[in-house]
Structure formats: structure tokens, C-alpha cells
Amino acid sequence: MRFSSLYAPTLREVPAEAEVASHQLLLRAGFIRKAAGGIYTYLPLAWRVLNKIAQIVREEMDLKGGQEIAMPIVQPAEIWQESGRWSVYGDEMFRLKDRHDRPFCLGPTHEELVTTLVKGDVRSYRQLPLLLYQVQNKYRDEIRPRFGLMRGREFIMKDLYSFDRDEAGLDISYQKMYDAYSRIFERCGLVFRPVEADSGAIGGSGSHEFMVLAASGEAEVVYCSACDFAANTEKAELNPINVPDETALPIQNVATPNCPTIKDVCDYLKLPVEKSVKAVAYTSDKGLILAFVRGDHEVNEVKVINSTDAINIAMATESELLAAGTAPGYMGVLPGKKDVTIIVDTTVMNMHNFVCGADKQDVHCINVNPGRDFQPDIVTDIRMIQEADGCQRCGGNLAKARGIEVGQVFKLRTKYSEKLGAAFLDENGKEQLMVMGCYGIGVSRTMAAAIEQNNDENGIIWPKSIAPYQVAVVPVNAKNEEQFKLAEKVYEELIAQGIETVLDDRAERAGVKFKDADLIGYPLRVTIGPKTVEEGKLEVKARKTGEVVLLDAAAYMEQLKEILAKL
RNA sequence: CGGGGCGUGGCUCAGUUUGGUAGAGCACCUGCCUUGGGAGCAGGGGGUCGCAGGUUCAAAUCCUGCCGCUCCGACCA
């Protein structure tokens, strides 16, 4: 491709809307343009990168027996109503109506559609396992789209669905995908880590997220320094902390003036924080929810949501708390409140003689004991893991890192086959539900994550496997016939060898072309200018290391290929 | 949802406080000159000042409403 005709409008200045590196660089280097909030046009360079990532994904999916299909983006409401998710999905779903007023949505995911598809065609265990996938746009009307392609409302996703005859089959499919995902992100040149994820409302074990490690990541992960445990902090399961038995003392109210925080109370009463219980109040479509954890712990909102039937939850307001019969800053576990769901962390149930709010301004209760003094509506693990908790598996030390979630694998089991009636006959002629899994990769997010992990002050540094072009050939002075002729010759020769190359044939000054080459991030740049042309040399510069090598202009190809191969 | 900031040519922004002929740099077009890290000179094209009302002789500027973008918070009582 000749740069003069390439649609890659580079910008000298950073568009004001972009905050993170990948967003800024994708805009500046002429890869994307915004069409609406969280919705982007992919320009030729971006489209090449996306296709390369998708190609790697396809190869690895096909190796594991995946078959590519293409399902519609527009989906009828009925199947979502059947699975129950039409109402569950909430505002995140883009909904529309046809001319007959029939409801549809833009697919945020395809479990319903693919299950409906397969149940119509698969009758026998002989047709299983079945692995179907597609690569297409997905639509999610995010509360707050941000960071360019990292959290868009329209994005490209690879989604594969596995159908097996039983748990054992699912385990095999799951492992295949886990392995394939590891290979995919390796081939994309990314530093990543698979982490355990809670399978949420679906229950049971069986979900991993693939995190590209980057400071700008939205997710926080913890990992063990001793074993291979790694988990999303939002999802890491925690064992309750055991404490020695104690004789239950009589419960009593104590005045605690001006002690709205746990620290105030414990300082005032001279109690260790481990002897206190604090609350976070949420308001939801199911009413007010009070979530209690030990004073030095943190509430994990995701776990709270998973432990209830609530769909949308938000922090409760002061007036809501007062109306329910409690007091902001002084909320307690004791009964006597109106229309409140009380959720208590498992560790709290092991505590004795603790202090918590008395539901009255400036009053706390001391010597509160579970069972004797209160019975929560729900007892479950709702706290956020901390480094101090240590590895929940081996007791080793935990460390934290930030990550970008680029993929997730998930055991669905029979959640959808049951709701949508996807069954087959086994060899005994007995009807069985298909056992399903789903496996997603954010293709457009992977592109952004690759940039987050590979950039410097001059621009993008593409991993070779997903670079839009491998080499840029830059004649320093396009009007110098000798230089330009040589550049064209080298360009033609590289193309003939199947090496993706851009010839920067613009009548720009050298500096402009160098800046653009760095910004766009070609792994290699071949410079042809007066310094080298007279000596019959080509200058080859690696974007990543800045290393420069001079090659014989008459016989450079083998060496150049070697340099490329080593990148 | 709440709170802050912003909306002026393709991009970055000035001008708004104190109403009075729409500006700069970059980008773009033409010519000259220059050619190893975003050159220089000369000439030129391009803007319903987010939208809709209102006030005024006069509105980018003041008032009201709406829309869009963006950041922060969803923070533990």
C-alpha cells in the first residue's frame, strides 16, 4: 500500500475526548473515528488489525473443533422472554420495534438464539458435542461507555457456545477453550493471566477471565505468589474467618456521640476494629438492602447483587434509611426495621460480642451475637478480598495487579437448555438436557489492550502478529529520483515476498514520515536516504528497540526476514 | 442516577467576565523554497459559534429549556 492513497488520517494533537493511551493513539494514528458515544468506525489500519486478531481466534477455534456460523444481530424478544432475560437485562439492552410493533433487541450476546437454533436441529447424542462460534458486533448500552474501544456500546466479540451430553463433556469443551484462549493471547503477543471468576447467580464452579495486565485496566486481580491461584477481586470467593469462642455477654446500647464511621466508634469505645460490624445500604428494585461485613472488611457489591434477585442496585439515600427505621452512620443488624433485606457476611456469623449501629443517631449496640440477637435474611460471602486475606487455597501471599478483561470462559450447564427446552435422546432413548458452555473474546477490546501494553511517547508498538503492516519503507526525499526508485524497488520486492509493506511515497519531509511511522507503529522501518544510498545500504530500524541495522541494498532480503522473524 | 467541566472551521484552542464587522496555530488548496525527526515565505478555500426559544437597535457573549461530549463518584456510613 502506498501511503499517499491510504486512508489513515493522522493527527498531530490529541483529541480532547481521549483519556487513555489506546484511545488517544487509535484516534491520532488514524485507526478509528467516533460515530457516537461508545460507537466507532474502524478505518483501514484498525480493520486490518482486527481481522488479524479475528483470524488468530478463528484458527484456534477451528483447531478445537469449533465451526463458524453467523447469527443475526437483531433478535426477537420472544426467546429472551422465554429465558427470562428480557426483563433481567435491564437498560443495558438496546431494544427496538418493527413496523408491526413487535419487540426486538440488538444482541448483547447469543445464548438464547444459539440454544433455540440447536434445539431445532439436534435430536441425538450422536450429534454432540457441538461447538459453534461467530465473530460479530455486539450491543450493550453501557451506563458509561469510556476509554474508546475498551468499553464501547458496540464492539466486536467472538462468542463460542458448546453443547455436550453431560458434565464430563462440558469439562472437556471447557478445557479446550481455556487452552485455545491461552494460545490466542500468546499469539497476539500479550502479557496476560487467566483468573478465576465467580460464576455468579448460575452457581457452581467454572468460570475464568483472561486478563491482559495493564495499569489502565478497569479490573483488579489478586494472585498468589506460591500457587497458581489468581482471581478477579470482585469475584474472588472467600472462606469465613474463624475466631475463638467467647461467652456471650449481655447486649446493651451505648451512647456514641459523633461517631458516624467505624473508626470513630472503635476509637471511642476502645475496641479493635475486628470487633465491629459495619453496613452498606443499597436501594434496589427489591427494596432496601443492608449488607453487613466486619469493620475492617469491604463490601463486594457484585457479590451482594449475586446474592439477591435484585437487578439494579444503587447506594441508598439518607431519607430511604430513615424511612426504613434506621439511621445513616448507625445502621445495625438487629431486627425492627421495615421492608429491609439483611445480608450478612459469613465471617460476621463467626464473631462474638461485636459492636454495630443501634439504628439510632449517636447510639451503638455492644456485645451483639449472631443467632441470639439477630437472624439475617441471607448469610453468604459478600466481602472484597484483601491482600491480607492471603491465598484462599494455599495460604501463600497475595499480590494485586490491574487487568483488562479480554476474554471469559463460562460453564452454563443447563441454565439455557432447561429454560428453552434444548434436549436430546441418549443411547437409552432417554431425553437429556444439553450441557452448555459459553466462551467470549472481546476482539476490539483486545486491540485496545494490545496498545495499552505496547506503546511509548511516540506512538503504538504493534506486536508483529497483529500489526496492520510489518514494514514501512520511507524514502527520505521523495523528489530525489535515485532514492525514490530504490524505495519503490524495495517495496515491490517486499510485497513479492508476501511481507505486508507500506511505501511512504508522500512528498513530505523526512521528519513527518518518521513521526507517522512511529505513531502507527510498524514493527520495522526501512529508511532510504542520502546517508546510506550512496554506500549502497538500507537502514532498517526496529520500532520496539530502536535498534538500527545497515543492510546491503543489493542483498538485504534474507537478513531483513531474519530481523522480522526475531521480533 | 448524582456532581463537576466542556461544546467556536477537520484538530487543538482564544474570544464570553464588560453584547457592537468571528479569530490564532496546525491541517487543506496554489506557487516558490526546502528535504534524516512534525521547516520557511506568499496567496487562498473553509465556521448555522451544539439546538430551540427569549431579552436587545444589536447575541458566540445575557436569560430559559433541551441535546451532545467528557471526567469524577458510585466508598462502605
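Labels below follow one simple rule: chain letters A, B, ... track the order of the sequence lines, proteins then strands, and each chain is numbered from 1.
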query: B/rA74 and B/rU61: how far apart are their P atoms, nearest whole angstrom?
result: 37 Å

message: Measuring only the C1' atom in each nucleotide, how far is B/rG44 from B/rC6? A whole number of Å is fine.
response: 32 Å

message: Side chain of A/Y282, heavy atoms from C-beta onward: which of B/rC76, B/rG38, B/rC13 has the nearest atom to it?
response: B/rC76

message: Would A/R95 pass as a cation-pi partner of A/W86, given that its NZ or CZ must be under 6.0 Å from the six-membered ring centre and within 45 degrees of the axis?
response: yes

- prompt: Is the shortest side-chain N/O distance from A/K278 to OP1 or OP2 of B/rA77 below 4.0 Å?
  reply: yes

query: Does a donor on one side chain sit under 3.5 Å from an acceptor on the other, for A/T341 and A/D377?
result: no

statement: Judged by nearest nucleotide, the residue sitting upstream toward the 5' end of RNA chain B, A/Y330 or A/T532, is A/T532

message: Any salt bridge linking A/R48 with A/E500? Criterion: basic side-chain nitrogen under 4.0 Å from a carboxylate oxygen.
response: yes

- prompt: Is a donor-acceptor contact shorter than 3.5 angstrom present between the side chain of A/K513 and the base of B/rU35?
  reply: no

query: Taking the inter-plane angle between the rings of A/Y139 and A/F94 on a 0 to 90° scale, is it parallel (under 30°), tilted (30 to 60°) or perpendicular (over 60°)?
result: perpendicular

- prompt: Which whole number of Å gives the distance between the P atom of B/rG31 and that of B/rU48?
  reply: 28 Å

message: When the C1' atoms of B/rG15 and B/rU8 are compared, how many Å lie between them, rounded to an integer?
response: 9 Å

- prompt: To the nearest Å, how far apart are A/E218 CD and B/rA74 P?
  reply: 13 Å

- request: Ignoring backbone atoms, test whether A/R12 places a side-chain nitrogen or oxygen under 4.0 Å from the OP1 or OP2 oxygen of B/rA27.
  value: yes

message: If you apply the rule side-chain contact (heavy atoms from CB on, under 4.5 Å), what do you find for A/V368 with A/Q252, and how did you get there?
response: CA-CA 8 Å; A/V368 180; A/Q252 66 180 100; over 6 Å; no

field: Between B/rA27 (P) and A/L519 (CG): distance, integer Å
entry: 15 Å

statement: A/R509 atom CZ is separated from B/rU35 atom C1', nearest whole Å, by 5 Å

task: Using whole Å, report how far CG of A/L11 lies from C1' of B/rA27.
output: 9 Å

- prompt: Across the strands shown, which category fits A/R506 at heavy-atom distances under 4.0 angstrom: base, sugar-phosphate, nothing?
  reply: nothing

- prompt: Looking only at atom C1', what distance separates B/rU64 and B/rU56, rounded to whole Å?
  reply: 16 Å

query: Does a side chain donor of either A/N353 or A/N369 reach within less than 3.5 Å of an acceptor in the other side chain?
result: yes

message: Both A/F514 and A/R146 contact RNA chain B. Taking the nearest nucleotide for each, which residue is further toward the 5' end?
response: A/F514

message: Considering every strand and a 4.0 Å limit on heavy-atom distances, what is the contact class for A/E298: base, sugar-phosphate, or nothing?
response: base

query: Given the C1' atoms of B/rC33 and B/rU70, what is the spacing between them in whole Å?
result: 43 Å

query: Is a donor-acceptor pair below 3.5 Å formed from side chain A/E539 to base B/rG36, judging by atom type as modelled?
result: yes

query: For atom C1', what is the distance between B/rA59 and B/rG19, given to the nearest Å?
result: 6 Å

task: Write down the distance separating the C1' atoms in B/rA24 and B/rG9, rounded off to the nearest Å.
output: 12 Å

task: Please determine if a side-chain N or O atom of A/R144 lies less than 4.0 Å away from the OP1 or OP2 oxygen of B/rC72.
output: yes

